[in-house]
Amino acid sequence: MDAQLPVVLVTGANGQLGRELLAARVDGLRLVGVDRTTCDIADPAAVMRTFTQHRPALVINAAAYTAVDRAESEPALAQAGNADGPRHLAQACETAGIPVFHVSTDYVFDGTKDSPWLVDDVTAPLGVYGASKLAGERHVRETCRQHLVVRTSWVFGEHGNNFVRTMVRLAATRDALRVVADQRGGPTWTGDLARELLALARRHLRGEALPWGTWHYVGQPATTWCEFARVIIAEAHAAGLIARTVPVDPITTADYPTPARRPANSVLDMAGTCAALHISQPDWRDGLRTVLARWRDDGVRFDS
Ligand SMILES: NC(=O)c1ccc[n+]([C@@H]2O[C@H](COP(=O)([O-])OP(=O)(O)OC[C@H]3O[C@@H](n4cnc5c(N)ncnc54)[C@H](OP(=O)(O)O)[C@@H]3O)[C@@H](O)[C@H]2O)c1
């Protein structure tokens, strides 16, 4: 019976977002995940084989080269995963007459605006990763008519390495932390993003006309890495994950040099998206508490 349900193909099945998507149960569709070993999206033949095997009714692309700093010295790999891969998927989707939901990033912007970035604001990535993601967005827009390009930011979840996991681990093992306080953005829980992407997939598969185009999906309220770290540590302590809290001292971007430059303001405006897609903006603090509670219940250790 399940075999007759429309297949939603999720690429990047082993990533933070991919794993969250595939853990969901959604009525009326069947989720099929493919990882790099079964479908390297940079390889057009692998994409073709995957389409022939699974005959998807919709594709969610959660695969990406996400090593922002390493991308500076591996531009070809970033291009393959973030630009060529989405192009291959978009071509296969267009040929099959199905939509692609493609996830992109706040790093397509240069961060110089002093208010939240609108969907149509001028893009100007500061590094190789952002440039490769922007190229991927363009390929998807130009290649597949039925597309949602969904930009998100500061992604965290239960699975994989992310800022939340790093802060809890450091708080468990150090007496004080120093965290950048002059970059602003919107933390986004994979659980919220996955739920919304799947709800949109279901709406499409039930015949609703979605407004194809480029949209934003990010948590609120906007914050800085330093403030985010303080909330993480307070909540991790409240959840019983760490025995004590530790102070988090603000530093500047200049105090913490990295190979890739990051946008100072990468807050994405979501008002237009909420109105067009009839969705609401999530509060990342709820997602944070959920992730911390799951780690506690699973007995995840942070002190070693
Ligand atoms: N993480 C963030 O803070 C953040 C912020 C803004 C936007 N985003 C976007 O959100 C989306 C999901 O990110 P995430 O945090 O879930 O990333 P992630 O945890 O790094 O997962 C990405 C997955 O894609 C796989 N992958 C890479 N290249 C591939 C290829 N050529 N073919 C097939 N699979 C490939 C990776 O496999 P390997 O492990 O084998 O490389 C990994 O499992 C991405 O589009 C990312 O650009 C993320």
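Values below: all heavy atoms of this structure, side chains included; hydrogens, waters and symmetry mates excluded. Atoms within each ligand, like the ligands themselves, are counted from 1 in listed order.
Note: an N/O pair closer than 3.5 Å links I41 and ligand 1 by distance alone. For the pair G18 and ligand 1, the shortest N or O to N or O distance does not fall below 3.5 Å. An N or O contact shorter than 3.5 Å links D40 to ligand 1 by distance. Looking at ligand 1, you'll find an N or O of Q16 within less than 3.5 Å of one of its N or O atoms. For the pair Y129 and ligand 1, the shortest N or O to N or O distance falls below 3.5 Å. Geometrically, ligand 1 and D106 share no nitrogen or oxygen pair separated by less than 3.5 Å.
Residues R294 and D297 are not paired through a salt bridge, judged by the lack of any N-O separation under 4.0 Å between the basic side chain and the carboxylate. The pair E94-R141 does not meet the salt-bridge criterion, since no charged nitrogen lies less than 4.0 angstrom from a carboxylate oxygen. Ion pairing between a basic and an acidic side chain is recognised when a charged N comes within 4.0 Å of a carboxylate O; K133 and E137 show no such pairing. Ion pair D106/R151 not flagged as a salt bridge, since none of the NZ, NE, NH1 or NH2 atoms sits closer than 4.0 Å to an Asp/Glu carboxylate oxygen. Classification of R70 and E74 as a salt-bridged pair holds, one side-chain N sitting under 4.0 Å from a carboxylate O.
Annotation for ligand 1: atoms under 4.0 Å from non-hydrogen atoms of K133 are 44 (C), 45 (O), 46 (C), 47 (O). Every atom of ligand 1 is numbered from 1 in the order shown, and the set under 4.0 Å from a heavy atom of C39 is 32 (N), 33 (C). Of all atoms in ligand 1, numbered sequentially from 1 with element shown, those under 4.0 Å from a heavy atom of T105 are 6 (C), 7 (C).
Closest protein heavy atom to atom 48 (C) of ligand 1: V155 CG2, 3.7 Å. Protein heavy atom in closest approach to atom 28 (N) of ligand 1: R36 NH2, 3.3 Å. Among all protein heavy atoms, the one lying closest to atom 7 (C) of ligand 1 is S104 O, 3.4 Å. Among protein heavy atoms, the minimum distance from atom 21 (O) of ligand 1 is reached at G15 CA, 3.2 Å. Among protein heavy atoms, the minimum distance from atom 34 (N) of ligand 1 is reached at A63 CB, 3.5 Å.
Under the rule for a side chain to side chain contact (heavy atoms under 4.5 Å, CB included), the partners of D35 that lie at least two apart in sequence or sit in another chain are A13, N14, T37, T38. Looking at residues two or more places apart in sequence or on another chain, you find a ring-ring contact (aromatic ring centres under 6.0 Å, His included) between F228 and F156, F163, W284.
A side chain to side chain donor-acceptor pair (under 3.5 Å) with D182 is found for exactly one of T252, N265, T253, namely T253.
Which of A64, A194, G12 comes nearest to atom 36 (C) of ligand 1 through a heavy atom is settled by distance: it is A64. Distances from atom 6 (C) of ligand 1 to the heavy atoms of N161, T152, L17 put T152 nearest. Looking at T66, V34, V103 and measuring to atom 18 (P) of ligand 1, the nearest heavy atom belongs to T66.
Every heavy atom of G85 sits 4.0 Å or more from the atoms of ligand 1.
One side chain, R262 or T258, offers a donor N or O that lies under 3.5 Å from an acceptor on the other.
Taking the six-membered ring where tryptophan is involved, the planes of W117 and F109 are essentially parallel, since the angle between them stays under 30° and well short of 60°.
With a 4.0 Å heavy-atom cut-off, ligand 1 is reached by no atom of Y107.
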### Query
Run the salt bridge (Lys or Arg N to Asp or Glu O under 4.0 Å) check on D192 and R195 step by step: do they pass?
CA-CA 5 Å; D192 287 322; R195 188 194 61 246; 2.9 Å; yes
### Task
Evaluate the criterion ring pair (Phe, Tyr, Trp, His ring centres under 6.0 Å) for residue pair W212 and H204; output intermediate values, then yes/no.
CA-CA 11 Å; W212 304 122; H204 166 77; 5.6 Å; yes
